[in-house]
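Data first, discussion second: the structure below is written as structure tokens.
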Amino acid sequence: GDFESDVYNLDAIINDNGIMIDRKFVECAAKIDGDARERLLDEAKRITGCDNPMSPQQLMQWLATRGIKTYTVNAARVDEIIKMTRDIDVLRVLSIRKQLGKTSTSKYSTMLSVIMDDDRARGLFQYYGTRTGRWAGRLVQMHNLPRTGNIDIPSARKAVLQGDVDNIELEFGSVTDVLSCLIRTAFVAPEGKMFVVCDYSAIEARVLSWLADEKWRLDVFRTHGKIYEATAAMLYNVSIDDIKPKDKRRDHGKVAELALGYQGGVNALTANGASELLSYNQMVQTVESWRKANPNIVKYWRDVEDAVIYSIKMHQVARVGRLTIEFIDDTLYITLPSGRYIAYKDARLEDGKVCYTDNDIKRSTVHLYGGKLVENIVQGIARDCLADAMMRIHANGYDIVGHVHDEVIVEVSDADDEAADAIKRIFDTPPEWATGLPLRGEGFTSKYYRK
């Protein structure tokens with residue numbers, strides 16, 4: 001309780017301090033975005049002869065005149081049509097549709113609407129914004145910003161500041177793509193300061209391995225940390241040294257790691273883009289091999305689900321490893337190692353399956369199985385690790401200006417050479433309640449935020 005009220009107070013401090021926004025850059029970007037959209041729309045009107053080529057109805061009618069019958073122009077269908085047609089006009093119009101569909105650039109105008117007189121935006125983080133206790137993004141939604149990618153940021157920003165649309169198109173291709181990549185860089189450190197951006201490497205995989213006590217994975221995380229390579233080596237039965245950074249097999253290992261930790265199967269692999277790498281049969285094989293290599297994790301899903309069912313049925317306290325599970329009145333409480341709990345109101349068994357009513361999603365009934373419970377638990381613990389690190393960073397006199405998922409943005413003096421290492425050390429040190437959890441922070445310093 002005391003710890004959480006301290007976290008709550010720190011949250012207020014972070015929200016009150018705000019984070020600086022590069023006003024001039026954002027104004028230029030918003031203007032270029034508006035102009036570019038207008039130009040694209042005019043071009044689409046010219047090609048199609050429609051008065052609003054972005055209206056699905058009008059677009060589908062025009063596509064029909066080009067011999068393409070379709071009942072939807074959603075993103076997936078547009079990609080299908082692009083793959084199958086050679087018609088230059090169709091390709092161009094659909095490419096324009098994709099560019100205009102990028103909502104990310106509208107964040108520039110949002111920034112202008114929330115920026116204050118001192119060029120800072122405040123109130124961007126909502127404490128306990130999710131069931132697992134993680135923060136939620138507000139206003140400029142820093143939690144879903146596009147990646148910066150590998151464009152030359154300084155020259156791209158310079159081109160935007162000069163308002164030079166032609167130059168941007170010449171050098172970088174699509175204007176909307178570039179603006180989308182540059183959104184993060186609108187958050188800047190003030191004169192005389194810089195950002196230290198630090199995040200946890202693979203925290204969910206680390207927490208999961210620690211909870212389930214999956215020895216070989218813990219060894220990976222306590223040494224080189226290359227879990228994608230290690231999983232690939234396991235899938236292909238080769239030595240980890242054979243798996244090089246650009247190796248397709250590493251992609252296979254990565255996709256398996258991202259998709260399978262929470263009881264996912266072929267659908268989860270597909271959702272993570274595995275179908276571009278693997279056939280259906282290979283995906284089935286991947287699920288099988290991954291589960292065989294991680295028997296403790298598979299057992300952990302089952303143990304958590306069994307304990308929850310037992311607790312609801314018998315109204316008894318159940319313990320699984322580091323968790324305490326109890327059912328009081330109509331609410332299921334899962335107490336995490338930090339002492340904080342995740343609560344599911346109106347929990348019950350239907351046909352032997354665990355359900356609860358989620359008031360956030362129109363009072364719908366949500367089915368909870370082992371993997372889903374474990375995912376919530378792992379994300380809850382990852383959140384507690386971040387909160388603990390934030391408290392320690394703050395206690396050491398550093399100013400946190402933002403945080404996203406498992407990452408913290410700290411504003412430090414340009415002259416402070418120690419800050420980056422000190423903050424990384426805090427990330428590397430687990431909270432007191434997490435002995436043996438192998439955490440690792442990765443950070444960099446920068447004048448602006450990027451990913």
Side-chain angles (χ1 to χ4, degrees), residues 1-14 125-136 143 198-214 217-218 221-222 261-262 297 300-301 303-304 307-308 311 317-328 331-345 347 368 370-396 400 403-408 423-441:
D2 292 342
F3 178 76
E4 273 310 313
S5 53
D6 292 343
V7 175
Y8 181 81
N9 292 335
L10 175 57
D11 171 76
I13 293 169
I14 294 169
F125 308 98
Q126 185 185 359
Y127 172 78
Y128 232 98
T130 63
R131 172 166 311 280
T132 57
R134 283 186 158 182
W135 278 265
H143 286 63
C198 192
D199 75 342
Y200 285 113
S201 134
I203 186 165
E204 288 193 26
R206 288 167 181 267
V207 170
L208 177 62
S209 310
W210 173 70
L211 281 174
D213 200 24
E214 198 66 79
R217 297 169 68 90
L218 289 169
F221 289 129
R222 286 186 182 128
Y262 302 129
I297 291 176
Y300 193 71
W301 301 330
D303 290 350
V304 169
V308 166
S311 196
V317 177
R319 289 195 170 74
V320 180
R322 296 179 163 85
L323 309 173
T324 306
I325 296 166
E326 47 199 325
F327 182 66
I328 302 171
T331 304
L332 172 71
Y333 296 95
I334 299 179
T335 304
L336 305 176
S338 63
R340 185 174 70 83
Y341 57 74
I342 300 176
Y344 301 90
K345 195 163 167 38
L368 284 171
K372 188 72 193 161
L373 286 158
V374 171
E375 179 177 28
N376 286 179
I377 290 160
V378 168
Q379 289 180 349
I381 294 173
R383 177 269 184 205
D384 290 343
C385 290
L386 183 76
D388 193 88
M390 281 164 57
M391 291 300 296
R392 286 181 282 148
I393 290 167
H394 181 70
N396 278 292
I400 299 173
H403 49 93
V404 179
H405 299 309
D406 308 310
E407 173 182 77
V408 171
I423 291 166
K424 182 186 169 354
R425 272 199 303 279
I426 290 174
F427 267 75
D428 288 346
T429 312
E432 282 169 15
W433 44 260
T435 41
L437 169 55
L439 292 176
R440 183 179 297 176

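Worth knowing before you read on, the calculation uses all heavy atoms, side chains too, and leaves out hydrogens, waters and symmetry mates.
Remark: D199 engages K451 in a salt bridge (Lys or Arg N to Asp or Glu O under 4.0 Å) (not counting sequence neighbours). Under the rule for a ring pair (Phe, Tyr, Trp, His ring centres under 6.0 Å), the partners of H405 that lie at least two apart in sequence or sit in another chain are H143. By the side chain to side chain contact (heavy atoms under 4.5 Å, CB included) test, A136 pairs with Q126, R138, sequence neighbours left out. In this view, R217 and E257 satisfy the salt bridge (Lys or Arg N to Asp or Glu O under 4.0 Å) rule, not counting sequence neighbours. Judged as a side chain to side chain donor-acceptor pair (under 3.5 Å), and not counting sequence neighbours, the contacts of D213 are K215. Under the salt bridge (Lys or Arg N to Asp or Glu O under 4.0 Å) criterion, R425 pairs with no residue at all, not counting sequence neighbours. In this structure, the side chain to side chain contact (heavy atoms under 4.5 Å, CB included) partners of Y8, at least two apart in sequence or on a different chain, are Y127. When the side chain to side chain donor-acceptor pair (under 3.5 Å) test is applied to T335, no partner is found at least two apart in sequence or on another chain. With sequence neighbours left out, the ring pair (Phe, Tyr, Trp, His ring centres under 6.0 Å) criterion links Y333 to Y341.
Using a 4.5 Å heavy-atom cutoff, the side chains of V308 and L368 are not in contact. For the pair V207 and P337, the minimum side-chain heavy-atom distance is 4.5 Å or more. Counting heavy atoms from C-beta outward, W135 and V7 have side chains that approach closer than 4.5 Å.
Every pair passing salt bridge (charged side-chain N to carboxylate O under 4.0 Å, His left out) that includes a residue from residues 383-395 is listed here, sequence neighbours excluded: E4-R383, R340-D384, D388-R392. Residue pairs that meet the salt bridge (charged side-chain N to carboxylate O under 4.0 Å, His left out) test with at least one member in residues 428-439, sequence neighbours left out, are K424-D428.
Relative orientation of the W210 and W433 rings is tilted, given thresholds of 30° and 60° on the angle between their planes.
The CG atom of L323 sits 6.0 Å away from atom CG of L211, with the distance rounded to the nearest 0.5 Å. From I14, atom CD1 reaches atom CG of N9 across 11.0 Å, with rounding to the nearest 0.5 Å. Expressed to the nearest 0.5 Å, how far CZ of F427 lies from CD1 of I203 amounts to 8.5 Å. Put simply, NE2 on H403 and CG on L10 are 7.5 Å apart, with the number rounded to the nearest 0.5 Å. To the nearest 0.5 angstrom, L437 atom CG is 8.0 Å from R322 atom CZ. R131 CZ to I342 CD1: the interatomic distance, rounded to the nearest 0.5 Å, is 9.0 Å.
Counting non-hydrogen atoms of neighbouring residues, nucleotides and ligands closer than 6.0 angstrom, the CZ atom of R222 exceeds 12 such neighbours.
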N/O donor to acceptor pairs below 3.5 angstrom from side-chain atoms of residues 373-382, sequence neighbours left out:
from	atom 1	to	atom 2	distance (Å)
E375	OE1	K372	NZ	3.2
N376	OD1	Y344	OH	2.6
Q379	NE2	E204	OE2	3.3

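Scanning all heavy atoms of the two residues, the minimum distance from I426 to A389 falls at CG2-O, 3.7 Å. Here the closest heavy-atom approach between residue A307 and residue I325 is recorded as CB-CD1, 3.7 Å. Closest approach of W301 to G261, counting heavy atoms only: NE1-O, 3.0 Å. The nearest pair of heavy atoms linking M390 to I400 is O-CD1, 3.6 Å. Looking at every heavy atom in both residues, Y300 comes nearest to A212 through CB-CB, 3.8 Å.
In this structure a side-chain-to-backbone donor-acceptor pair under 3.5 Å is present from R206 to S201. The backbone N or O of C385 sits less than 3.5 Å from a side-chain atom of Y200, completing a donor-acceptor pair.
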Starting from the C-alpha separation in whole Å, work towards a yes-or-no answer on side-chain contact (heavy atoms from CB on, under 4.5 Å) for V408 and C198.
-> CA-CA 5 Å; V408 171; C198 192; 5.5 Å; no

